[in-house]
Amino acid sequence: MTPFGEAVRRLRARKGVSQKEMAQALNVSPAYLSALEHGKRGLPTFDLLQRIAGYFNIIWDEAEELFLLARSSDPRVVIDTSGLPPEYTEFANRLARRIRSLDSAEIGRLSALLENGGKGDGKAS
């Protein structure tokens, strides 16, 4: 499941609607909505994102957060390393091969490293 899928599922639970009811209201198939929630489909269109926000009648800040989650939830990521040094391409490929074997603690450490601009976790050694 993707962060976007989790957010949509929470919104559906809050509203008390099924995937089938939501899909019908948005004029999409229940199978598509299920695949979107489970991270088996890529980024939804901006039009669909707007319809989802309208369906849940969410305020602008919450809608913007939902849109950001959608952009960071594409399950088929492409990393363009063209023009970068060879070690960047090697790293991207190693990460692609190993991503499924990383546990949540390792993902957390890598995320913290990225958030801190590559400067570690900020803790003194």
Side-chain angles (χ1 to χ4, degrees):
M1 184 167 292
T2 64
F4 175 73
E6 286 181 327
V8 170
R9 184 169 281 183
R10 279 193 309 271
L11 288 167
R12 278 194 313 99
R14 189 168 77 190
K15 188 169 180 161
V17 295
S18 68
Q19 279 182 345
K20 185 176 181 179
E21 292 167 320
M22 181 179 167
Q24 185 176 23
L26 296 175
N27 198 28
V28 298
S29 75
Y32 173 76
L33 188 57
S34 176
L36 196 57
E37 282 191 19
H38 287 93
K40 296 183 182 336
R41 295 294 284 211
L43 179 67
T45 64
F46 184 69
D47 175 62
L48 181 56
L49 288 172
Q50 288 181 313
R51 287 187 285 152
I52 291 170
Y55 177 74
F56 290 115
N57 199 25
I58 55 178
I59 59 172
W60 178 246
D61 288 344
E62 193 175 5
E64 186 174 347
E65 182 180 333
L66 187 67
F67 292 5
L68 289 172
L69 284 174
R71 283 196 296 269
S72 65
S73 293
D74 190 339
R76 291 180 177 85
V77 178
V78 174
I79 301 174
D80 181 3
T81 61
S82 59
L84 295 174
E87 59 268 20
Y88 288 64
T89 301
E90 179 186 8
F91 179 80
N93 280 280
R94 287 176 58 209
L95 179 60
R97 284 191 303 273
R98 296 234 11 246
I99 191 79
R100 291 185 185 275
S101 67
L102 299 176
D103 64 30
S104 60
E106 291 169 314
I107 294 294
R109 286 191 295 275
L110 289 170
S111 293
L113 184 66
L114 291 172
E115 286 298 317
N116 292 318
K119 296 179 179 125
D121 62 6
K123 295 178 184 173
S125 302

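Just so it is clear, the model here is predicted, and its values are computed rather than measured.
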### Query
Crowded around Lys15 NZ? As in, over 12 foreign heavy atoms under 6.0 Å?
yes
### Query
Tell me the side-chain hydrogen bond (donor to acceptor under 3.5 Å, both in side chains) pairs involving residues 92-102, sequence neighbours left out?
none
#### Entry: All pairs passing ring-ring contact (aromatic ring centres under 6.0 Å, His included) where residues 31-87 contributes a residue, at least two apart
Phe46-Phe67
### Query
Once you round to the nearest 0.5 Å, how far does CZ of Arg9 lie from CG of Leu33?
10.0 Å
#### Entry: Sidechain-backbone polar pair: Ser34 side chain, Pro30 backbone, donor-acceptor under 3.5 Å
no
### Task
In sequence, state the C-alpha distance, the side-chain angles, and the governing distance for Leu66 and Leu11, and then conclude on side chain to side chain contact (heavy atoms under 4.5 Å, CB included).
CA-CA 10 Å; Leu66 187 67; Leu11 288 167; 4.2 Å; yes
### Query
In this structure, are over 12 heavy atoms from other groups packed under 6.0 Å from Glu6 atom CD?
yes
### Query
What pair of heavy atoms forms the shortest contact from Ala7 to Leu69, and how long is it?
CB-CD1, 3.7 Å
### Query
side chain to side chain contact (heavy atoms under 4.5 Å, CB included) between Leu36 and Val8: does it pass, once the steps are laid out?
CA-CA 9 Å; Leu36 196 57; Val8 170; over 6 Å; no
### Task
Quick one: list whatever passes side-chain contact (heavy atoms from CB on, under 4.5 Å) with Thr81, sequence neighbours left out.
Ile79, Leu84, Thr89, Ala92
#### Entry: Sub-4.5 Å side-chain heavy-atom contact between Ser72 and Phe4
no
## Note on the structure
Here the gap from Met1 atom CE to Glu37 atom CD, rounded to the nearest 0.5 Å, amounts to 6.0 Å
### Message
Would you say that Leu43 contacts Ser73 through its side chain, given a criterion of any heavy-atom pair below 4.5 Å between the two side chains?
### Response
no
### Message
Taking salt bridge (Lys or Arg N to Asp or Glu O under 4.0 Å) as the cut-off, I'd like each qualifying pair that reaches into residues 59-69, sequence neighbours left out, listed once.
### Response
Arg14-Glu62
## Note on the structure
Contacts of Asp47 meeting side-chain contact (heavy atoms from CB on, under 4.5 Å) (sequence neighbours excluded), chain-then-number -> Thr45, Arg51
### Task
Answer whether the closest heavy-atom distance between the side chains of Met22 and Gln19 falls below 4.5 Å.
no
## Note on the structure
Sorted by chain and number, sequence neighbours left out, side-chain hydrogen bond (donor to acceptor under 3.5 Å, both in side chains) with Glu21 holds for Ser18
### Query
Nearest 0.5 Å, what's the CD1-OG distance between Ile107 and Ser104?
8.5 Å
